[in-house]
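Below is one structure, written out as structure tokens; the observations come after it.
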Amino acid sequence: MTSHTHNARANTDDYLAIFLHDIPLMDVRAPVEYARGSFPTAINAPILDDQQRELIGTSYKQEGTDAAVALGYQLATDDLKAQRLATWQQFTDRHPRGFLFCFRGGQRSHITQQWLYDAGCSYPLVKGGYKALRRFLLDELERAIEEVPMLILSGRTGTGKTQLIKQLPYSIDLEGLANHRGSSFGRRCSEQPGQIDFENRLAIAMLRHRHQHPGIPVLLEDESKLIGRCSLPQSMRDKMQQSSLILLEESMDERIAVGLKEYVTDNLAEFVATYGEQDGFVQFTQGLSGSLYRIRRRLGGERYQQLTNILAAAVEQHRNTGNIDIYGQLIGELLGTYYDPMYDYQLKQKVGKIIFRGNRQAIAQQYNTLLSSWG
């Protein structure tokens, strides 16, 4: 192990630089803390496992700091210490520009630093730890919501709003951050992030836009407060409701084609990649019938039954022949009788003015003009 002590970098409280430049972070908190929420560039390399953390916490409550610290050193057997060090050194070698942090930048960070230092590696920590980083992001998010002008891309379900968002500059893909496709059928194969992780991702995206493109509106897809189970801050939702709208309009045939691609082809591919051919197909079809079941009350009994029958026929044909056409019938029915009336109602509630309407191609062509004339 080479010694880095001569060119030691200082501990930092430049939280902005960390998030603007994707600085790698080593989170030495326990796995249970990390699971509750951390940052996109953080990896968990705990100094204490969950059980040890609990033991030390109890000791601290009952006998005070000194006893807790003593117990910590007692639990850190030579084998354990060697193991932890190997993980940390791997991280520091791989990420010479990174930093380490614990909950408040206290005991655990300093002990990690000391062990590394004793092993010939000087590695800086984040002052204030997780708590300060999280506080910084929440404040920055509110500030960005207040200061950054917003343009909202609205349009009926299936018009391909997300595709367009990904194509256009100065945009933030909220559904991407929430790992969800946004509608009642939007659940993806992989888990959604927890609320804290979602807020942190959102804060970083907004903070970057504010610093890198000052004064330029951010383009956001029109979302309800909940994207799956991830919740947008109320202040952001309020501002989105009042912002100018670009309305994406596509024909019903085009929307059915988009629906088939997103909810059938892409969705199935994700499940198959995760669970294999057979199980993936089962999981995929269960997901569809689960989504249909969740909106059964709004559909009404008879309608729900009709759509369930269409879905069963589509699955059957898909399984036997690989043909996915019947899903198109289901998607068309859902769009026309379920999603569109809901969307028309919501559009009437919006106070923001529509500044442009057209299909994907027309919006892409007009986008720069819209941005420059905005305001």
Side-chain angles (χ1 to χ4, degrees), residues 153 155-167 173 175-176 178-192 221 223-224 227-229 248-344 359-361 363-364:
L153 179 66
R156 297 173 169 214
T157 303
T159 46
K161 298 184 289 291
T162 308
Q163 264 168 277
L164 189 55
I165 285 270
K166 286 180 175 158
Q167 252 172 295
D173 175 11
E175 293 182 1
N179 193 32
H180 195 274
R181 291 200 181 90
S183 77
S184 1
F185 285 79
R187 194 172 64 90
R188 301 185 80 122
C189 169
S190 50
E191 276 292 293
Q192 282 196 266
E221 186 175 333
E223 298 287 354
S224 51
I227 308 174
R229 54 159 202 214
L248 173 55
E249 300 178 316
E250 295 285 358
S251 69
M252 183 56 98
D253 287 350
E254 174 59 24
R255 292 167 62 202
I256 290 173
V258 168
L260 278 173
K261 182 184 179 314
E262 286 189 359
Y263 296 110
V264 181
T265 314
D266 295 354
N267 205 6
L268 177 61
E270 278 182 26
F271 277 101
V272 168
T274 309
Y275 298 105
E277 198 76 44
Q278 266 179 319
D279 288 349
F281 188 80
V282 171
Q283 293 271 0
F284 156 76
T285 55
Q286 282 176 349
L288 287 179
S289 48
S291 297
L292 197 55
Y293 181 74
R294 278 194 289 280
I295 58 171
R296 71 192 181 286
R297 285 205 186 88
R298 287 204 213 152
L299 290 169
E302 194 181 337
R303 190 106 203 81
Y304 171 65
Q305 204 40 63
Q306 283 169 340
L307 295 177
T308 303
N309 294 342
I310 299 175
L311 176 60
V315 169
E316 194 59 26
Q317 187 186 47
H318 188 179
R319 187 187 283 118
N320 296 334
T321 67
N323 183 329
I324 61 171
D325 290 349
I326 301 185
Y327 291 112
Q329 194 190 334
L330 175 70
I331 291 168
E333 290 283 329
L334 278 166
L335 291 176
T337 63
Y338 175 72
Y339 283 110
D340 288 357
M342 212 159 51
Y343 176 76
D344 295 342
N359 62 15
R360 282 201 292 276
Q361 200 182 344
I363 292 173

- Message: Nearest 0.5 Å, please: how far is CD1 in Ile165 from CD in Glu221?
- Response: 5.5 Å
- Message: Under the salt bridge (Lys or Arg N to Asp or Glu O under 4.0 Å) definition, can you give me all pairs with a residue in residues 318-329, not counting sequence neighbours?
- Response: Glu316-Arg319
- Item | Side-chain ion pair, Glu254 and Arg360, N-O less than 4.0 Å | yes
- Message: Using a 3.5 Å distance criterion without hydrogens, assess whether the side chain of Glu250 forms a donor-acceptor pair with backbone atoms of Arg255.
- Response: no
- Item | Interatomic distance, Arg303 atom CZ to Glu333 atom CD [nearest 0.5 angstrom] | 5.0 Å
- Message: Counting C-beta onward and ignoring hydrogens, is there a side-chain heavy-atom pair between Met342 and Arg298 closer than 4.5 Å?
- Response: yes
- Message: With a 4.5 Å cut-off on side-chain heavy atoms, are Leu307 and Leu330 touching?
- Response: yes
- N/O donor-acceptor pair under 3.5 Å between Tyr343 side chain and Gly155 backbone: yes
- Message: Tell me the closest heavy-atom pair linking Tyr304 and Leu292, and the distance in Å.
- Response: CE1-O, 3.6 Å
- Query: Can you name the residues that form a ring-ring contact (aromatic ring centres under 6.0 Å, His included) with Phe281, not counting sequence neighbours?
  - Reply: His318
- Note, Ile256 side chain near Tyr327 side chain (heavy atom, < 4.5 Å): no
- Query: Is any side-chain N of the basic residue among Arg229 and Glu191 closer than 4.0 Å to the acidic one's carboxylate O?
  - Reply: yes
- Item | Closest approach of Leu248 to Thr159 (non-hydrogen atoms, all atoms of both residues) | CD2-O, 3.4 Å
- Message: I need the Leu260 CG to Ile326 CD1 distance, nearest 0.5 Å.
- Response: 11.5 Å
- Task: Determine whether Arg156 and Leu335 make a side-chain contact, defined as any pair of heavy atoms from C-beta on separated by less than 4.5 Å.
- Result: no
- Query: Nearest heavy-atom pair of Pro341 and Gly336: which atoms, and what distance?
  - Reply: CD-O, 3.6 Å
- Hey, what do you get for OG1 (Thr285) to CZ (Phe271), rounding to the nearest 0.5 Å? 9.5 Å
- Task: Starting at NZ of Lys166, measure out to CG of Leu164 and round the result to the nearest 0.5 Å.
- Result: 11.5 Å
- Could you give me the CA-CA distance, side-chain angles and deciding distance for Leu334 and Thr157, then say whether side chain to side chain contact (heavy atoms under 4.5 Å, CB included) is met? CA-CA 10 Å; Leu334 278 166; Thr157 303; over 6 Å; no
- Query: Say you draw a straight line from CG of Leu288 to OG1 of Thr308; how long is it, rounded to the nearest 0.5 Å?
  - Reply: 11.5 Å
